[in-house]
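Take a look at the structure below.
Numbers restart at 1 for each chain; the letters A, B, ... are given by sequence-line order, proteins then strands.
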Amino acid sequence: MTDMAEPAADTPPFRYTAGLAGEIEQRWQDRWEKWGTFHAPNPVGPLADPDHPRAGAEKLYVLDMFPYPSGAGLHVGHPLGYIGTDSYARYQRMAGRNVLHAMGFDAFGLPAEQYAVQTGTHPRTTTEANIERYRAQLRRLGMGHDDRRSVATIDVDFYRWTQWIFLQIFNSWYDDEARRARPISELIAEFESGIRAVPGGGTWAELSGPQRRVIVDDHRLAYVSEAPVNWCPGLGTVLANEEVTADGRSDRGNFPVFKRNLKQWKMRITAYGDRLLEDLDRLDWPEPIKLMQRNWIGRSVGAHIDFPVVPADVAPVRVFTTRPDTIFGATYVVLAPEHELVDQLVASAWPDGTKDAWTGGHANPRVAVEAYRKAAAAKTDVERQADTKEKTGVFVGAYATNPVTGAPIPIFIADYVLAGYGTGAIMAVPGQDERDWAFAEVFDLPIVRTVQPSAGFDGKAYTGDGPAINSTAPDGGLSLDGLAVTEAKARIIEWLETNGYGQGAVTFRLRDWLFSRQRYWGEPFPIVYDEAGTPIALPESMLPVELPEVEDFSPRTFDPNDAASNPETPLSRKADWVEVELDLGDGPKRYTRETNVMPQWAGSCWYELRYLDPTNETRFVDPDNEAYWMGPRGGNDPGGTDLYVGGAEHAVLHLLYARFWHKVLYDLGHVSSVEPFRKLFNQGMIQAYAYTDERERYVEAAEVVERDGSWFHGDNQVTREYGKMGKSLRNVVTPDDMCAAYGADTFRVYEMSMGPLEVSRPWETRAVVGSYRFLQRVWRALVDENSGASRVVESPADEPTRRLLHKTIDGVRADMDGIRFNTAIAKLIELTNGLTRLAGTPREVAEPLVLMLAPFAPHIAEELWQRLGHDTSLTYASFPVADPALLVADTVTYPVQINGKVRGRIEVPADATEETVRTAALAAIADQLAGKEPRKVIVVPNRMISIVT
RNA sequence: GCCCGGGUGGUGGAAAGGCAGACACGGCCGCCUUAAAAGCGGCUGCCGCAAGGCAUGCGGGUUCGACCCCCGCCCCGGGCACCA
């Protein structure tokens, strides 16, 4: 980087250079810190401050998605959103709001742990060092954060409340009638009093303690269950789905991953499916993100239908379908290979009528089912998905009865039916379902159309609407024929309910949330097990459960192909921690601690609440502080942060988990807001070019030059690719580089002026100089570069300059409110460019310009503000307001179009009548009409004149 | 395959249905300088000497007027993917 702005010896002594910028920036960052400039007053508690200039003002909570402090530090892409929120927050402070803007760290997580395993350095050491580095980098950028509110999820004072919230969730259940979570004690009270029927019948008093415990645990919102998870023996841990690659191996280490049933903690997020879906309508979020959440939740309306099976001692097969109207066309039933009824249903010999294709070539159904299950289990998820077109399955040798036709229909198992969705069983209707059609063709099963297809569906399933056909029961008691799909659905559900064959039902694609990890660097669970293995919640008084020190941070690893191995968590080896004697109210007893830790998402589920009251030792957040900063504003407003800015990569997981926790806290009365994030904004990504040489090695991107449309590294031509910034791609540019070369203000202005905040764009270092020149022009407009004297004059501005100023103020305000920072900066540049030809800059322009610049370039603005004679920070100075009288011009210039092309223009007084404008326009283009009479003349007031010939 | 979001100069991007290309980078010319850099000023969509013509992915349509609205394609980016 040889073109960095090194001031030459003959640079004017008072020019705004990177060196001067650095001095100014350091000075103001120190002052802001000393003065506590960005401290936002709370209504109550230690952060209350009645004397603050914004105490009692209208509040605004501006939030960033907090970062994971990685060892690599920040590159220029990371702060884009942070600069955006900081600019917005600074603007809103000047516009009179009490703005809360803070930054924390999502600091538990795998990279620090893996580094610890490799080097023996404690994850806390690494993580804290990284946090310090991030803090220094953010400070260097001039972030106006309230540093008293900075939290990290690894702080014991933070995670004790993460554990506390876990206990709230563990100790509650979802009341489907009330549609909200309630304390588990209320459930027990209802069972005791008989208000609520005890599952399985009988009375509560008749049940033993362990029996009661099973029923209660079945209701908890946090529960332990045996569930299929991604088990990676090579790493010794279970993995989240997103940590598994497309070919079924671990993202880190490339080890095989197996689906295993393991005892894990889960959270009953599915109970909130409906509310998570409905409340999206109350949020000011980008539609694509809402859509992704809707798809993820995947609500399907249909029916549960019970198909009696021929071995009458076996329970009926319950299926879920969205098309109960097509039941007359259900010619077979399919269960997921893992379905629990399969073992009971499977026959010992092939019954009469078994077609060859159904047996898979096996001698009897037991062998066939066994073989098919084995084959299905050996397939990775990806393999299962890869051959979605080739349908496989096997007949179990048993039949079900179609409840409406009374006909026996064969029961199959097939991997196109998923165990985890609906009931894990379907009624197959090949006439109206493409997958069932494909399966029916392979297995030679009957196809009955029950909806009249429109043209073009010969040889294909028809999934559209139309009148029902072939849908009359043999006894004539039920007929759907002629009904449209919607009516047919209603009619059949009524029939099913009347006759005891099923009922209307809603199913979600959303699954309960796997909440435990076999890792060290996470929040310990506040849970112990008694000698019976029952999980017991620790009382609040025993929080926090501190993460113990261990010698070995790594989970036990195994032969990568040893699918039968079992996880051994790092904490489980800490015997003197695991084994514990506690008095939980019934005398001292021995217990065993939970040795899993929480997933990295836990802390990010509620951190925005802790910013509100970071030092509170008695509550996770004081209700008055929460209500002030996040409470609903009436109407349909769900409350939450006023603005949440972050990347779209968190569209589903983080945002859904956080909404879920928040709703539980709301139900239990701990917060007044229904949603955590009222308005969401996805900033774009800063991407970069990377270059590879002929051997496909990356070369230093900064050294590549373009010649005649090709790129060269030295004399070698290289290939350009476009994507992320990364160390291995040798294309990283850091904010530190930019601050050294131009100063933080230039960097901030550049990032905000590159384009709309929500759009991804390529980084281009050589373009940064444009923002630098802009700030230099602003500086030069107010300060003489040679003498350092002020160039501000007290005489009034000339009329055009004054009008330009007020037009700028008006436009900039609108742009700031609309988060259109790029066009706001363009307007400020135009105003500045309009000042350069003046002999001196009038104060009436200089002051508003400096104030409008302050959100983007706060340091230079503070410095100039001080030079303008002010002795306090401009943080709480009023943002300029345009004079409406100066926004209307005296005259208007109209373009005159003939047949859609501009052929002339006229200038008329702003208050001219339409008739005057018309006459003037016709006069102006009379020669071009060549005497022809225009057919039509359209005058658009203040816009243009359109003439049609 | 399905569902979103996009395609505007050499580049990033501006344009309540109303003068397409604001602002910036780059490029060209000039000033300053012994010189270079920095800085400053001018020009810069394409074709054309010019008059003028052509231009917002492609093809239609609505409109006095379309980057913007409608229909059909093409391409790029993202999400989901046997969810019954």
Checklist outcome for this item: Rounded to whole Å, CD of A:Glu764 lies from P of B:C23 at a distance of 19 Å

For nucleotides 78-80 of chain B, which of its nitrogen or oxygen atoms have a protein nitrogen or oxygen under 3.5 Å away, and what is each distance?
unit_1	atom_1	unit_2	atom_2	d
B:C80	O3'	A:Arg509	NH1	3.4

Next on the checklist: With rounding to the closest Å, how many angstrom separate the P atoms on B:G7 and B:A16?
Outcome noted: 14 Å

Item to check | Inter-nucleotide P distance (B:G27, B:G72), Å rounded | outcome: 45 Å

Checklist entry - Rounding to the closest angstrom, what is the interatomic distance between B:A66 and B:A20 at atom P? => result 10 Å

Item to check | P spacing across the pair B:G26 / B:C58, given as an integer number of angstrom | outcome: 30 Å

Checklist entry - Could you give the CG-to-C1' distance, from A:Asp815 to B:A14, as a whole number of Å? => result 11 Å

Checklist entry - Quick check: are there more than 12 heavy atoms from other residues, nucleotides or ligands sitting under 6.0 Å from OH of A:Tyr462? => result yes

Checklist entry - Under 4.0 Å: is that the gap between some side-chain N or O of A:Arg773 and OP1 or OP2 of B:G39? => result yes

Item to check | Secondary-structure string, 5' to 3', Watson-Crick or G-U under 3.5 Å, | for another-strand partners, for RNA chain B | outcome: (((((((..(((.....[....)))((((((.......))))))(((....)))..(((((..]....))))))))))))....

Checklist outcome for this item: note: A:Arg777, atom CZ; B:G41, atom P; distance rounded to Å ~ 7 Å

Checklist entry - Would you call B:G9 syn or anti, using the 90° rule around 0? => result syn

Checklist entry - Does the base of B:C23 carry an N or O that pairs as donor and acceptor with the side chain of A:Lys827 under 3.5 Å? => result no

Next on the checklist: For A:Trp763, give me all partners under ring pair (Phe, Tyr, Trp, His ring centres under 6.0 Å), at least two apart in sequence or on another chain.
Outcome noted: A:Tyr750

Checklist entry - Mind checking whether A:Ile305 and A:Ile492 have side chains closer than 4.5 Å, heavy atoms only? => result no

Checklist entry - Which atom pair, heavy atoms only, marks the closest approach of A:Met816 to A:Ser87? => result CE-O, 4.1 Å

Item to check | Whole-Å distance separating the CG atom of A:Asp436 from the C1' atom of B:C82 | outcome: 10 Å

Item to check | B:G45 to B:C80 separation - C1' atoms, rounded to the nearest Å | outcome: 40 Å

Under 3.5 Å, which donor-acceptor pairs do the side chains of residues 804-814 of chain A form with other protein atoms, sequence neighbours left out?
unit_1	atom_1	unit_2	atom_2	d
A:His806	ND1	A:Asp883	N	2.9
A:Thr808	OG1	A:Leu804	O	2.7
A:Arg813	NE	A:Pro880	O	2.8
A:Arg813	NH2	A:Phe879	O	3.0
A:Arg813	NH2	A:Pro880	O	3.3

Checklist entry - Which residue, A:Glu785 or A:Ile426, contacts RNA chain B at a nucleotide closer to its 5' end, judged by nearest heavy atom? => result A:Glu785

Item to check | Euclidean distance for C1', B:A24 against B:U44 (whole angstrom) | outcome: 14 Å

Checklist entry - What's the CD-P distance between A:Gln687 and B:U11, to the nearest Å? => result 17 Å

Item to check | Pair A:Phe439 and A:Phe412, ring centroids less than 6.0 Å apart | outcome: yes

Next on the checklist: What's the gap between B:A22 and B:G13 when it is taken at their C1' atoms, as a whole Å value?
Outcome noted: 10 Å

Please enumerate all protein N or O atoms sitting under 3.5 Å from an N or O of nucleotides 63-65 of chain B, with distances to 0.1 Å.
unit_1	atom_1	unit_2	atom_2	d
B:C64	OP1	A:Lys936	NZ	3.3
B:C64	O2	A:Ser946	OG	2.6

Item to check | Side-chain N,O (A:Asn822) to OP1/OP2 (B:A14) below 4.0 Å | outcome: yes

Checklist outcome for this item: A:Leu757 CG to B:G12 P, in whole Å, measures 18 Å

Checklist entry - So, are A:Glu830 and A:Lys827 salt-bridged, with charged N and O less than 4.0 Å apart? => result no

Next on the checklist: Roughly how many Å apart are B:A50 and B:C68, using the P atom of each and rounding to a whole number?
Outcome noted: 31 Å

Item to check | Length of the CG-C1' vector between A:Asp325 and B:A84, whole Å | outcome: 13 Å

Checklist entry - Starting at CD1 of A:Ile297 and ending at P of B:C3, how long is that distance when rounded to a whole Å? => result 20 Å

Next on the checklist: A:Glu907 vs A:Thr891, test: side chain to side chain donor-acceptor pair (under 3.5 Å). Steps then yes/no.
Outcome noted: CA-CA 7 Å; A:Glu907 189 168 330; A:Thr891 62; 2.9 Å; yes

Checklist entry - Looking at residues at least two apart in the chain, or sitting in another chain, which of them share a side-chain contact (heavy atoms from CB on, under 4.5 Å) with A:Gln432? => result A:Arg323, A:Thr326, A:Val429, A:Arg449, A:Thr450, A:Val451

Checklist entry - Does a side-chain N-to-carboxylate-O contact under 4.0 Å join A:Asp281 and A:Arg294? => result yes

